[in-house]
Number of protein chains: 2
Amino acid sequence: MDSDVAEYLRQLRMKVTPKRLAIIDILKKESGYLSPEEIWRRMKKRFARIGLPTVYRNLEELANGKVIYRITHPNRQLYYFYCGNSVHHHHFVCVACRAVNDIEYCAIGDLQEEVRRKLSGRVVSHLLQVNGLCRNCLKKNYKGTWR
Amino acid sequence: MDSDVAEYLRQLRMKVTPKRLAIIDILKKESGYLSPEEIWRRMKKRFARIGLPTVYRNLEELANGKVIYRITHPNRQLYYFYCGNSVHHHHFVCVACRAVNDIEYCAIGDLQEEVRRKLSGRVVSHLLQVNGLCRNCLKKNYKGTWR
DNA sequence: GCTCAAATAAAAATCGTTTCTATTTAATCA
DNA sequence: TGATTAAATAGAAACGATTTTTATTTGAGC
């Protein structure tokens, strides 16, 4: 429901603007990740005046607030996708069709343990992303690389 | 030994040029990761004529050949470091001093299993990076963020 | 409705990275 | 050791995704 999103934004002390809601809505409706420019193109169908910097700014703020998530892509450009799962988890990304699925498995416990024991260090954050081919793209026998 | 590096480069069908060896040498001597520009500054002390594109090109090629490795930094700029460990592993990166240490732990088995069982997909690659504070920076009670 | 900080538009700038072209050099082999 | 050739390089230029800037608009609280 949209009121959920609005409520969540208020919790983050972010104003509930039509453009913010639209960006989230666009990402929600998409099964895969999108670039800022791709989101902008979709936004232009909904708003007569909409600047690319607005898209960038909102994407960053929403990602900071964990409403949306960033994809780590080999081309190092920004990509985002919506994920309603609010408990800590990681993602399986299809390199062919851009679909993103949740991975429940997380190794943080073992990692912290190894860093503490062997290195006497402290873990602050970790990045885990699994790339591959989703069920559908496997069927289609996709050969290419990242999109 | 340097002859090891030269031999390795030959295996990769890469010419053993003085600049290539110097880039590797610079990274070897550094305990933490470096940006292309930082490497370039060090190169300029060793070579009268050395272009930044040469540094970029070599860093990419060496990373493709797994002579050096890339760091995934939140600012999305390129960073590289040397790591002689040739068996599959991951890295613990100190966000304060940039030190990089090997992590032996790897979850690839469990990840593949979950992706196959729950998603009927296939894992092609995975990215695991652990960020935190190394032993020394913990002692110094470092408060800041990524460098 | 009024106030004000937050959000936005539009244009411009930034700057890390890549491309292009001519020149040089490492590797191969006679 | 010299000739050959593909790979590597210098330097300048381009590129383009992202960010900054400034004036204007708008959502939220009263």
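Reminder, nothing fancy here: chain letters follow the sequence lines and each chain counts from 1.
- Taking atom CZ on R20(B) and atom P on dT9(D), their separation rounds to 5 Å, with Å as the unit.
- For F47(B) and dT24(C), the CZ to C1' distance is 14 Å, given to the nearest whole Å.
- Between the CG atom of L9(B) and the C1' atom of dA8(D) there is a distance of 13 Å, given to the nearest Å.
- Checking H90(A) against H126(A) by side-chain atom types alone, a donor-acceptor pair falls below 3.5 Å.
- Counting heavy atoms from C-beta on, the side chains of R122(A) and V115(A) never come closer than 4.5 Å.
- Between M43(A) atom CE and dA10(C) atom P the separation is 13 Å, expressed in whole Å.
- Donor-acceptor pairing under 3.5 Å is recorded for the side chains of T54(B) and R57(B).
- Following rounding to the nearest Å, L21(B) (CG) and dA7(D) (P) show an atom-to-atom distance of 19 Å.
- Of the listed nucleotides (dT8(C), dA26(C), dT18(D)), dA26(C) has the atom at the smallest distance from the side chain of T17(B).
- In this structure, M14(A) places its CE atom 12 Å from P of dA6(C), rounding to the nearest Å.
- Classified by interplanar angle (parallel below 30°, tilted 30° to 60°, perpendicular above 60°), the ring pair F81(A)/H91(A) is perpendicular.
- Between the CG atom of L12(A) and the C1' atom of dA6(C) there is a distance of 15 Å, rounded to whole Å.
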For nucleotides 19-21 of chain D, tabulate all protein N/O to nucleotide N/O atom pairs closer than 3.5 Å, reporting atom names and distance.
none

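- At least one side-chain nitrogen or oxygen of N58(A) sits closer than 4.0 Å to the OP1 or OP2 atom of dT8(C).
- In summary, E38(B) and R98(B) engage in a salt bridge, as defined by a charged side-chain N under 4.0 Å from a carboxylate O.
- In this structure, L78(B) and L59(B) have side chains that are not in contact, with every pair of non-hydrogen atoms separated by 4.5 Å or more.
- Rounded to an integer number of Å, the gap from NZ of K44(B) to P of dT9(D) is 17 Å.
- Considering only side-chain N and O atoms, R57(B) lies nowhere under 4.0 angstrom from the phosphate OP1 or OP2 of dT18(C).
- Classified by interplanar angle (parallel below 30°, tilted 30° to 60°, perpendicular above 60°), the ring pair Y69(B)/H89(B) is perpendicular.
- Listed candidates were dG27(D), dA8(D), dG16(C). Nearest to the side chain of K15(B) is dA8(D).
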